[in-house]
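Single-structure report; data block below.
Both counts, for ligands and for their atoms, begin at 1 and track the order of listing.
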Amino acid sequence: MKTLSAMAWLWLGRELDAWADMGKPANFWWRDDDVTGPGGALDRLVGLSYHWDTPLALAVIPSRLEPELVDFLRDRTLIAVLQHGYAHENHAAPGQRKLELGGTRASAQSIADLERGYRILEQQFADRFKPVLVPPWNRIDSQIVSCLSEIGFTGISTMKVRRNAYPAPGLLQVNTHLDPVNWRHLGGFIGIYPAIAILIQHLQARRTGYRDIEEPTGILTHHLVQNDAVWRFLEDLLQFLSNHPAVNWLDAATIWK
Ligand SMILES: [Zn+2]
């Protein structure tokens, strides 16, 4: 008898077969959050991206940027840089869930922070920086969203199926859908079956028209906190997806043209 995990991989393969039968590419993309500088874990992550020729978008925290990251990424052209808030500081009001962009901080201050962060990344990474905001904790006050285009942002990325491809004029939203980390046990793994079930559910909802088919399925990683079980799953997933002909990886430059 096959284990539940083995069945899950099989079902994922069948779902991707259905995309192949339909003649449509199953588009995926990959985002990693909380990036500040190079190190062993980032080496490992970027190594995986190159091994499987899979584009990777790093959400970098501007105020904590270590200059060595600029050199590290210089020739690694598979890797794009997105903006992860400004300082990844919590400004939530009492009783509110963690957020940097909103809460007790006035919108004008948040916008000034974002602008400062934008200039840092633009100056350091030139066109490797894609003007896409990844709000820390995947949360942002809606008032701020409507001001992002004025700063220069052309995209935003949070978590779960987007409600609207354009939450503000000129601002394309493409989210991530699978976060394999179990945040109740910091850095732990949610498990193979639950992780693959999330992927299948999203792919199936897109394929059958229940959800927006145009939003690529996004994988979210956190290289600094994820444990070995998450790393192993990520390695297996990249291998599995890379070997299926229906899978098409999109880079940030293609998503946010
Ligand atoms: Zn974060």
(message) Please tell me whether His244 and Trp19 form a close aromatic pair, meaning their ring centres lie under 6.0 Å apart.
(response) no
(message) Are His177 and Trp29 an aromatic pair, judged by ring center distance below 6.0 Å?
(response) no
(message) Test of understanding: clusters of I, L, V, M, F, W, Y form through side-chain heavy atoms closer than 4.5 Å, transitively. Do Leu82 and Tyr166 belong to the same one?
(response) yes
(request) For the Zn ion (ligand 1), find the closest N/O/S atom belonging to His88 and write down its atom name. (result) NE2
(message) So, 2.8 Å as the limit: is an N/O/S atom of Asp34 located closer than that to the Zn ion (ligand 1)?
(response) yes
(request) Look at His222 and state whether any of its N, O or S atoms is less than 2.8 Å from the Zn ion (ligand 1). (result) no
(message) I'd like to know if Glu100 pairs up with Arg139 as an ion pair, taking the criterion as any Lys NZ or Arg NE/NH1/NH2 lying under 4.0 Å from an Asp or Glu carboxylate oxygen.
(response) no
